[in-house]
Structures are given as C-alpha cells and as structure tokens.
Novice: 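Structure incoming, see below.
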Amino acid sequence: MTEPQITDSLIAAHGLKPDEYARILEIIGREPTFTELGIFSAMWNEHCSYKSSKKWLRTLPTTGPQVICGPGENAGVVDIGDGQAVVFKMESHNHPSYIEPYQGAATGVGGILRDVFTMGARPIAAMNSLSFGEIGHPKTRQLVHGVVEGVGGYGNAFGVPTVGGEVRFHPAYNGNCLVNAFAAGLADSDRIFYSAASGVGMPVVYLGAKTGRDGVGGATMASAEFDDTIEEKRPTVQVGDPFTEKRLMEATLELMATGAVISIQDMGAAGLTCSAVEMGDKGGLGVRLNLEAVPQREADMTAYEMMLSESQERMLMVLKPELEAEARAVFEKWDLDFAIVGETIAEDRFLVMHNNEVKADLPLATLSGSAPEYDRPYVLKADTGAADLAPIVQIDPIDALRALISSPNYAAKNWVFEQYDTQVMADTVRVPGLGAGVIRVHGTDKLLAFTSDVTPRYVKANPVEGGKQAVAEAYRNLTAVGATPLASTDNLNFGNPEKPEIMGQFVGAIRGIGEACQALDMPIVSGNVSLYNETDGTGILPTPTIGAVGLIANADGLIAGEVRDGHVALVLGETAGHLGQSALLAEVFNREDGDAPRVDLQAEKRHGDFIRSHKSLIRVCTDLSDGGLALAAFELAEAAGVGVTLDSADTAQLFGEDQARYLIACNFDQAEALMIAAGHAGVPISSVGKFGGQSVRMGGSEAPLSELSAAYRGTFAATFD
C-alpha cells in the first residue's frame, strides 16, 4: 500500500503547526514517513504532551509523607496504613462524549479503571463529574441520556460502585460537554506496578483485546476545537466492552501475582505508540515492535492504523522471559490475547517493523522528551466588582429556595444516580446525593471517602479564588463525613490556551489550586489536562475539577447520621452574606456578576480540624457552598423527612456563599458543648434554627416540606424522562 505524500494540509490535519513540523525535520534529519508523522502527532498533541500546561503543572505540590507515587504514572498512590494504599486518578473524555455520548462516556470509565488496575490495584469506587449545555439546547437531552447510560452501562457491567459525582448545566457547555471520570482502587503498598521498562532484550507483550480501527487519531481529535466537521470525527471515538475489561483486570492482577511483570502500561490515548514510548523512555531504553504480531480484529490494517488505534481493553507489558509460559497461560485461561510484539533494545531507538519493512525509526527519548513546551502569553483577570443586590434582597426566601430546587442544577439527581450500581461489592457505606461517598476498606475497620468539586462560575470570575475554592470544597466535603483529607487528583478543563484570557484562567486556577493543596495538605498525585474545549470559537466555563480522597481510620469516626426532630442547627464559620456569582443570582435572576467568594485557607484548615476533633458531638454535618445555608438546611431536612426552621429572614444570610462554613445538626446538649469548645478554640459558631415539624420556614415565610420535596425530587425526571 502506497503511503500518502507528506503535504502541508496533511501536516495540519495531524494537528502539527509549521514550526513543530520544522522541529521534527531537525530532529530526524529527513522527511518523516506517514507512520512517523502519525507517531509525532500522537506524542506531541496537547492531550499526550501537556505542551501548554507543563510549565504550570510543575508548580503544584505533589509530595507528602502519605504519597507513595505522585504524577507521572498511570495513577497516584497514597498510603492508608496497615500496608495498604489507595490508587486513584481522574481523567476527561470530553470530545468523544460529545461526538458519540454512550461510547465516549463508557470508554472514559473503562480507561480510568485500567489506569487503576494497571498499578496493581483492584478498583473499589468510581465517580464522575458531568457538565452539559442549557436544558433547552437541542443536543442536551441526547447527551445527558447517552452519557449517563454510558457511564452506568460500563461501570455496572464491570462491577464497581459509583459513589459520587456532580451534574451541572450551563450554556457555555452547549457545544462541548465535559465527562470527567474518577476511579480508585486498593493495593498492597509494597506491590505497586510501574511503567518503566528495564533490562535489554526483554519481551514486549501485548495483552487483552484485539486492535481495530476504532479510535485512530483519537488523541489528536481530543486536542482540537470542534467546528462544523464534527460528524467526520465520529470514527475517532473508541468502542468499549466492559465484560472484556473485567476479564482483563482479573487476568492482569493474576499475572502480577506470578512475578512475571517487569513493567506494565495501559494502552490509552495514542494506544500502542504512547504506551511503548513511555515505557521505553522511563526506563532509558529503546523499543522494537513487530506489528505483524499485533492481534488484529480487522483485515489489512496498516502500520499507521495499528500504532494510532485506541481500541479499548488493551495493555502493554515488559515480561520476564523465563516466566513467559506461566504468563501466557493466565491470559489464555481468561480468553484474552497474549502476544509478544517486540523487545527492549539498548539503543535510543523506536523501531517499528511491519512485514519486514521499516515503518518508523525514531530516537525514542527525543520523541518522548522533546515535545514542544510553550510558555503561552496570558492575561489574568478577576471580576472584583460588587453585584447589584437591590432586586435580590426583596425576594421571598421560600420562593428563592423553590426556584433553586426546581432547577436541574440543584434538584435531586436521583434520576442519574439510580442508573448506577452504587452497592456492588457490598462495601458502600454512603451513596451519592449528599456530599462525599464512603466505602468500607474490605476486611478492616477503615473507611475511604471520595468527592469531586468545582464551581466554574467562580473560576471564570476569579480564577485564583475559584481554584482555591474547588480544593477547599473538596476538603470540606471529606471533613463533613469525618474523614482526614489525604490527597487530590485534578481534571483541568479549559478552552483554547492560545487565547491569552483562556490561558490566564488556567494559570490563575493552577495558582489557587496549588495554594489550597499546600495549605490543606492535599497534594495532587495524579490528573489530566483537557484543553481546546471550544466549538466555533466559544469556550466552556473554566472547569478545574478536583477529585479528593480522605481516610476515616475507624468506622466509629464516620459522621453520617440523620437529622431528627428537635435537632439544633448550627453554622460553624463566619457568614458575611456573599452573593457575588452565587447560585441565587444565577438560577433566580439569570445573572453571573460580582466577585467569587474569598477563600481563607487558614480558616478552612482551622475549621476542618475542629470538626474532626469534635466528631463525637456531631450527628450530621454538611459543608455550605452553592445555595448557602438555605439550600444545605433544606437538603438535610428533606433527606430525613423532617421540616426545618431558620431564624434569619435576611436573603444574604440565607443564600450567601461565604466559604469555610459547615452546617451541623445535633442535640441541644451537644450543641451547647460544641459552642463552648468552639469558643475556646476561637472558631466562630452560631445557632441558626432547628429541625422539626413538616414545614420549611425562613423568617416569616413557610411552605410544606412535602410540596418542596416533590419539586426537588421530581424536577430531573420530569426534565429528562
């Protein structure tokens, strides 16, 4: 088959700029082959190389006594004591999910699960953070159904509980939805598997499902804006099979127990290319591949197609040759492909052969390490103006609450969560819907808590404070269930970094995230950057999702009671009544103005420490964020089927979104003890009302709990059924 001629248009179609192509010519001293062009395109695109973000990612805190492995591997690894570790990561599958919602979301789940079990961990929990366009947009309904069904279809069949997540709607996502998938697993802390190859002449082994043409060019597509050619990109979306992945996980974990694995890498973005190059580069070795040995499910596949295919459920391994027969037997037992497709070599060389022809011959270390790194110009803006609150303070608080809970953004998400299996593996302690999810560490008395958080409105208005707030909210959500936050993973979703204002959003958010992670001892141990989330030049809201994990050392330390009639409502933290960029402004008045709330990281730490050290006095706890006190109090009351009376009639006090605050429910004597302890600790705390009855009252306004509950629980289903 004659390879295409390398032309300017072909170079551009591979996402390479003229100066980048010139750099390729300089590196190899000749024109690349078509396969080599594809390999460079895969390794140098934004999705794989982080060329616009590396400079800023290096500023994030990534270490700590609890961190076993930080960024750079398939997933981060954190010590949880007793010789155990939690392995976790969050990653985006945005572009594929917009083009083909079911498969895009499904393979996003599959990819993140592989990242976890590739490290030697058995997955125990999943979450997802989903952002869609406005409800009335013609694509939103199709995307919501497809994505939710894809997430559930893959996760449920694989057999991992979905324990948390977020769903939001905003016009900025009309042309580019976000699907951020999180997974966590458990491993022995001394049995973590890494991707760096070692040893010369070691077999490079292909594991799992066969290679097809699905997903060819997927990583390059994920690094480009959308336009009116979007339908042409459909073939770049991968197709997943959760039952094959389940077998792959079991086979991989069984294989690891044999001692045959030297190194192992998931075949994710850019498939065989990226996995082989990364393994070789991390080990300081070259790699030779013989593509005729690659298991294929389609006839007459070219070297280019095999190298860039993103077919799912595949791994690449460097094997101890003396254990080949034992390793092969494991995969044959699980009815999966096991094929030696190459070997490690001493030369700094990535040599790709197909039917005895050289299809690519490139310097491996340079291919991996010399991707362009840009210090893009940026403009850091923050909306420090005050919101005009004159029309807001006049609103009846019950009317305002009713508007919030009747919006799909703040209504109950049962319609979504009920499509996910939350109880598989029988260790789920707290299901999605009210703050952090909680999983029992099987066979121990320990619990792990999981949350994902970001408020994109805040980040757009003030990137630094918005970045801080995403981490602080994750910290509070973990604290509210009694967990000590351990570490974070970030999924940084932004528009086109070549626009200085978008790059400014990214830089500012990174600064805020870094400051908060440092102050709150939540290092970033893994993550993903997703840029060019734009359609026809219109970008998404900046959405740096923070996934976080916390540890409850003893099950008695879990805060997960239920509100009871007669409980006192306390707010821990200062309430100034900040309404800029609030849910009230956005949902009730269709306005997004004013500054984001300021985040006092010292107060966050002090208040979180106080909550954890006084758990025995707290029956129920939730953080205050979107919707402020009014929404948080309603959600706790509604979940327990009891009413609530809030003393204040002031709109800003009820709906303000000041940070570093928690709502606590407890008995009167416990409330008294907490207030005394808080006084000694210098922590602000105040009584704001009580739970009881069958009505929701705020100031002089009230409504039956049953009426508000029907709106809260019925909105999502009424919108999407």
Novice: I need the S53 OG to M503 CE distance, nearest 0.5 Å.
Specialist: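 So the gap between those two atoms works out to 7.0 Å.
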Novice: Mind checking whether Y378 and W56 have ring centres under 6.0 Å apart?
Specialist: yes
Novice: Between V429 and I439, is any pair of side-chain heavy atoms under 4.5 Å apart?
Specialist: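 Heavy-atom side-chain distance check fails, nothing below 4.5 Å.
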Novice: How about D453 and T451: does a side-chain donor come under 3.5 Å of a side-chain acceptor?
Specialist: yes
Novice: Assess, by modelled atom type and distance only, whether the side chains of T622 and E635 contain a donor and an acceptor separated by less than 3.5 Å.
Specialist: no
Novice: Work out which heavy atom in G110 is nearest to a heavy atom in Y154; give both atom names and the distance.
Specialist: CA-CE2, 3.4 Å
Novice: Under the 3.5 angstrom rule, does the side chain of N477 hit a backbone N or O of A472 as a donor-acceptor pair?
Specialist: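 Flag not set: sc N477 to bb A472 has no pair under 3.5 Å.
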Novice: Parallel, tilted or perpendicular, judged at 30° and 60°: which one describes the rings of F158 and F117?
Specialist: parallel
Novice: In terms of ring plane angle, is the pair F88 and F182 parallel, tilted or perpendicular, where the classes change at 30° and 60°?
Specialist: tilted
Novice: Hydrogens and angles aside, do N94 and S97 bring a side-chain donor and acceptor to less than 3.5 Å of each other?
Specialist: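 No, no side-chain donor-acceptor pair sits under 3.5 Å.
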Novice: Dump the intermediate steps for side chain to side chain contact (heavy atoms under 4.5 Å, CB included) on R168 and F132, then the final yes or no.
Specialist: CA-CA 6 Å; R168 70 178 56 84; F132 299 103; over 6 Å; no
Novice: Between Y410 and I405, is any pair of side-chain heavy atoms under 4.5 Å apart?
Specialist: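 Answer no - side chains too far apart.
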Novice: Measuring only between side-chain heavy atoms, which start at C-beta, is V147 closer than 4.5 Å to L130?
Specialist: yes
Novice: Is a side-chain N or O of T428 found less than 3.5 angstrom from the main chain of V431, in a donor-acceptor match?
Specialist: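 No, because the side chain of T428 does not come within donor-acceptor range (under 3.5 Å) of the backbone of V431.
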Novice: Does one side chain, of N74 or D266, offer a donor that lies under 3.5 Å from an acceptor on the other?
Specialist: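 No, no side-chain donor-acceptor contact under 3.5 Å.
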Novice: For a 4.5 angstrom cut-off between non-hydrogen side-chain atoms, does V148 reach V167?
Specialist: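 Answer no - side chains too far apart.
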Novice: Please find the pair of heavy atoms, one from P242 and one from A157, that lie closest to each other, and give the distance.
Specialist: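 Smallest heavy-atom distance, with atoms named: CG-CB, 3.6 Å.
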Novice: Calculate, to the nearest 0.5 Å, the distance between atoms CD1 and CD1 belonging to I559 and I611 respectively.
Specialist: 6.5 Å
Novice: When you check the gap from the basic side-chain N to the acidic O, do E604 and R476 get nearer than 4.0 Å?
Specialist: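 Here E604 pairs with R476 in a salt bridge, since their nearest N and O are under 4.0 Å apart.
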Novice: Starting at CG of L531, measure out to CZ of R376 and round the result to the nearest 0.5 Å.
Specialist: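 Result: 8.5 Å between the selected atoms.
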Novice: Apply salt bridge (Lys or Arg N to Asp or Glu O under 4.0 Å) to the pair K499 and E534, showing each step before the final yes or no.
Specialist: CA-CA 11 Å; K499 297 177 179 178; E534 298 204 359; 2.9 Å; yes
Novice: Using the side-chain contact (heavy atoms from CB on, under 4.5 Å) definition, which of the options I112, T162, V179 pairs with N128?
Specialist: T162
Novice: Please state whether the rings of F494 and F506 are parallel, tilted or perpendicular, taking 30° and 60° as the class boundaries.
Specialist: perpendicular
Novice: Side chains of H170 and E592: donor-acceptor distance under 3.5 Å anywhere?
Specialist: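 Yes.
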Novice: Determine the interplanar angle of the F716 and W415 rings, folded into 0 to 90°, and report it as parallel if under 30°, tilted if 30 to 60°, perpendicular if over 60°.
Specialist: tilted
Novice: Check the pair L57 / I524 against side chain to side chain contact (heavy atoms under 4.5 Å, CB included), numbers first and verdict last.
Specialist: CA-CA 10 Å; L57 295 177; I524 298 285; over 6 Å; no
Novice: Where is the tightest heavy-atom contact between G159 and V424, given as atom of each residue plus distance?
Specialist: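 Minimum heavy-atom separation between G159 and V424: C-CG1, 3.8 Å.
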Novice: Strictly below 4.0 Å, N to O, side chains only: are K51 and D375 in salt-bridge contact?
Specialist: no
Novice: Decide yes or no for E73 and S195: does some side-chain heavy atom of the first lie under 4.5 Å from some side-chain heavy atom of the second?
Specialist: yes
Novice: Would you mind reporting whether N493 and I540 have side-chain heavy atoms less than 4.5 Å apart?
Specialist: yes
Novice: To the nearest 0.5 Å, what is the distance between CE on M267 and OG on S275?
Specialist: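 So the CE of M267 and the OG of S275 are separated by 5.0 Å.
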Novice: Rounded to the nearest 0.5 Å, what separates atom CD1 in I192 from atom SG in C69?
Specialist: 8.0 Å
Novice: Using ring centroids (six-membered ring only for Trp), state whether F634 and Y712 fall under 6.0 Å.
Specialist: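 Under 6.0 Å, so yes.
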Novice: What are the two closest heavy atoms between V109 and V151, and how far apart are they?
Specialist: CG2-CA, 4.0 Å
Novice: For V163 and Y420: C-alpha separation, side-chain torsions, deciding distance, then whether side chain to side chain contact (heavy atoms under 4.5 Å, CB included) applies.
Specialist: CA-CA 9 Å; V163 299; Y420 305 151; over 6 Å; no
Novice: Taking the side chain as C-beta and beyond, is there a heavy-atom pair between V77 and M119 under 4.5 Å?
Specialist: yes
Novice: How far apart are the C-alpha atoms of K381 and E501, what are their side-chain angles, what is the distance that settles it, and do they pass the salt bridge (Lys or Arg N to Asp or Glu O under 4.0 Å) test?
Specialist: CA-CA 8 Å; K381 294 181 179 177; E501 65 274 20; over 6 Å; no
Novice: In terms of side-chain geometry, is the basic nitrogen of R114 or E245 positioned less than 4.0 Å from the acidic oxygen of its partner?
Specialist: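 Here R114 pairs with E245 in a salt bridge, since their nearest N and O are under 4.0 Å apart.
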Novice: Does any donor atom in the side chain of N180 or T545 lie under 3.5 Å from an acceptor atom in the other side chain?
Specialist: yes
Novice: Show, in sequence, the C-alpha distance, side-chain angles and deciding distance for L541 and V459, and conclude whether the side chain to side chain contact (heavy atoms under 4.5 Å, CB included) test is met.
Specialist: CA-CA 8 Å; L541 288 180; V459 186; over 6 Å; no
Novice: How close do E657 and A583 get, heavy atom to heavy atom, and via which atoms?
Specialist: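 Between these two residues, the closest heavy atoms are OE2-N, 2.7 Å.
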Novice: Between Q312 and T107, do the side chains contain an N or O donor and an N or O acceptor separated by less than 3.5 Å?
Specialist: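 Q312 vs T107: no donor-acceptor pair found between side chains.
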Novice: Any salt bridge linking E134 with K139? Criterion: basic side-chain nitrogen under 4.0 Å from a carboxylate oxygen.
Specialist: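 So E134 does not pair with K139 through a salt bridge.
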Novice: Is the backbone of F169 close enough, under 3.5 Å, to the side chain of N409 for a donor and an acceptor to pair up by distance?
Specialist: yes
Novice: Give a yes or no on whether the backbone of A42 and the side-chain of N45 come within a donor-acceptor separation of less than 3.5 Å.
Specialist: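 Checked: pair present.
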Novice: Looking at A632 and L624, what are the two nearest heavy atoms and their distance?
Specialist: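 For A632 versus L624, the nearest heavy atoms are CB-CD2, 3.3 Å.
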Novice: Side chain of N174, backbone of P171: donor and acceptor closer than 3.5 Å?
Specialist: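 Side chain of N174 to backbone of P171: a pair is present.
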Novice: So, S92 and N528: side-chain donor and acceptor under 3.5 Å apart, yes or no?
Specialist: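 The criterion, which ignores hydrogens and geometry beyond distance, is satisfied for N528 and S92.
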Novice: Just grab all the side-chain hydrogen bond (donor to acceptor under 3.5 Å, both in side chains) pairs involving residues 512-526, residues at least two apart or on different chains.
Specialist: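 Found T489-S526.
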Novice: Rounded to the nearest 0.5 Å, what separates atom OG1 in T455 from atom CD in Q659?
Specialist: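 The OG1 atom of T455 sits 7.5 Å away from the CD atom of Q659.
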Novice: Any donor-acceptor pair under 3.5 Å linking the side-chain atoms of D593 with those of Q581?
Specialist: no
Novice: Are any side-chain N or O atoms of N496 and backbone N or O atoms of E498, one a donor and one an acceptor, separated by less than 3.5 Å?
Specialist: yes
Novice: Does I513 reach the side chain of K468, with side-chain heavy atoms less than 4.5 Å apart?
Specialist: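 Heavy-atom side-chain distance check fails, nothing below 4.5 Å.
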